[in-house]
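The structure appears right after this line, and notes come after that.
Protein chains get the first letters and strands the later ones, always in sequence-line order, with residue 1 at the start of each. All values reported here derive from a predicted model rather than from experimental measurement.
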There are 2 protein chains.
Amino acid sequence: MANQQTHLDQIFAALADPTRRAIVMRLCAGEASVGELADPFDMALPSFMKHIRVLQTSGLVLSEKSGRVRTCRLSPDALLGAEDWFQQQRAIWEARLDRFEAYVMKLKKERAGVKRPSRTTKRKGSE
Amino acid sequence: MANQQTHLDQIFAALADPTRRAIVMRLCAGEASVGELADPFDMALPSFMKHIRVLQTSGLVLSEKSGRVRTCRLSPDALLGAEDWFQQQRAIWEARLDRFEAYVMKLKKERAGVKRPSRTTKRKGSE
DNA sequence: CCTATAGTTAGCTACATGGCTAACCAACAA
DNA sequence: TTGTTGGTTAGCCATGTAGCTAACTATAGG
């Protein structure tokens with residue numbers, strides 16, 4: 001058993017590889033066997049299987065074997081989990097932006113009250 | 001220089017490390033100097049700087065030096081870019097789910113209509 | 001049974017990554 | 001000027017990762 005990685009660590013690490021992202025994208029369109037998945041890639045099967053393994057341990061992909069065929073499918077929950085992280089960060093970020101904008105507004109008003117109003121802010125087109 | 005990595009590769013790779021995610025989270029709350037950022041981590045500065053570097057080359061973080069202080073801030077665009085990827089995948093996934101649901105619905109209806117002598121096409125040998 | 005197919009295991013190499021120390025440079029501060 | 005602070009460069013080491021080949025297992029088909 002390996003390292004004590006957060007689930008999120010594993011998911012992002014899994015998605016950091018273009019091959020694995022391609023696999024995920026492919027699986028978004030529906031489940032597929034290992035062979036089918038491997039086909040478009042110019043890579044030896046064992047190498048490819050490692051990627052599948054990484055995706056599995058990250059929780060992004062599930063698979064089960066019936067007969068000699070292993071069928072893989074996406075675990076939507078894992079994807080959503082990662083997406084959540086972004087949305088949380090964005091929420092924090094945007095809250096701060098709001099506060100910042102409010103602050104700039106306040107400055108603007110104050111400055112307008114003092115002397116001649118110079119070109120105060122160079123904002124990149126919010127509002 | 002090294003490898004030809006997609007921007008997305010770099011972003012996900014950057015976010016795969018808990019230290020770097022923490023930095024990003026911290027920067028969501030506002031810009032900070034390298035020293036301030038490094039403070040909560042029990043890590044030598046050079047090691048820490050490597051993380052900053054990774055974040056910078058991924059485009060997630062921008063920084064500029066004034067005097068002897070380097071101030072870092074988040075580049076919201078990069079974060080959004082990665083978030084987009086998830087949303088695209090989710091869109092594809094959900095479209096598929098919809099089609100699947102439609103298919104199930106159709107099956108259901110057909111099955112309900114069995115008493116009527118309709119010529120239902122057989123699908124994949126279930127029934 | 002015999003062969004082909006679909007994965008799997010084992011083991012190797014090359015390179016990337018994450019951490020360290022030591023030494024260095026460039027502002028400030030006294 | 002001299003010392004201190006904030007960051008940077010250089011170089012080392014241990015571990016992890018991505019790829020390969022070769023050889024093996026197990027099912028499907030004839």
Can you measure [X] atom [atom1] to [N] atom [atom2] for me and round it to whole angstrom units?
X	N	atom1	atom2	result
A:Leu37	C:dT8	CG	P	12 Å
A:Phe48	C:dA6	CZ	P	14 Å
B:Met49	C:dC20	CE	C1'	16 Å
B:Asp17	D:dG16	CG	P	14 Å
B:Asp9	C:dA16	CG	P	14 Å
B:Leu45	D:dG11	CG	P	20 Å
A:Phe12	D:dG16	CZ	P	22 Å
B:Phe41	C:dG18	CZ	P	14 Å

Are any of [X]'s side-chain N or O atoms less than 4.0 Å away from OP1 or OP2 of [N]?
X	N	answer
B:Arg68	D:dT4	no
A:Arg53	C:dT8	no
B:Ser47	C:dG18	no
B:His51	C:dT17	no

Would you say the side-chain atoms of B:Gln56 and B:Ser63 include a donor-acceptor pair closer than 3.5 Å?
yes
Any non-hydrogen side-chain atom of [X] less than 4.5 Å from a side-chain atom of [Y]?
X	Y	value
A:Cys28	B:Arg96	no
B:Leu80	B:Glu83	yes
A:Arg20	A:Ser58	no
A:Ile52	A:Val54	no
A:Arg90	B:Leu79	no
A:Trp85	B:Val24	yes

What's the closest nucleotide to the side chain of [X] if the choices are [options]?
X	options	value
A:Arg20	D:dA18, D:dC20, C:dG19	D:dA18
B:Val69	D:dG7, D:dT21, C:dT21	D:dG7
A:Lys50	D:dC20, C:dG7, C:dG19	D:dC20
B:Pro46	D:dT9, C:dG7, D:dA18	D:dT9

With the threshold set at 4.0 Å, does a side-chain nitrogen-carboxylate oxygen contact exist between B:Glu64 and B:Arg70?
no
Note the angle between the end axes of the helix from C:dC1-D:dG30 to C:dA30-D:dT1, five pairs defining each, rounded to 10 degrees.
20°
Please work out if A:Ser33 contacts a base, only the sugar-phosphate, or nothing of the nucleic acid, heavy-atom cut-off 4.0 Å.
sugar-phosphate
N/O donor-acceptor pair, side chain B:Lys65 with base D:dG7, under 3.5 angstrom:
no
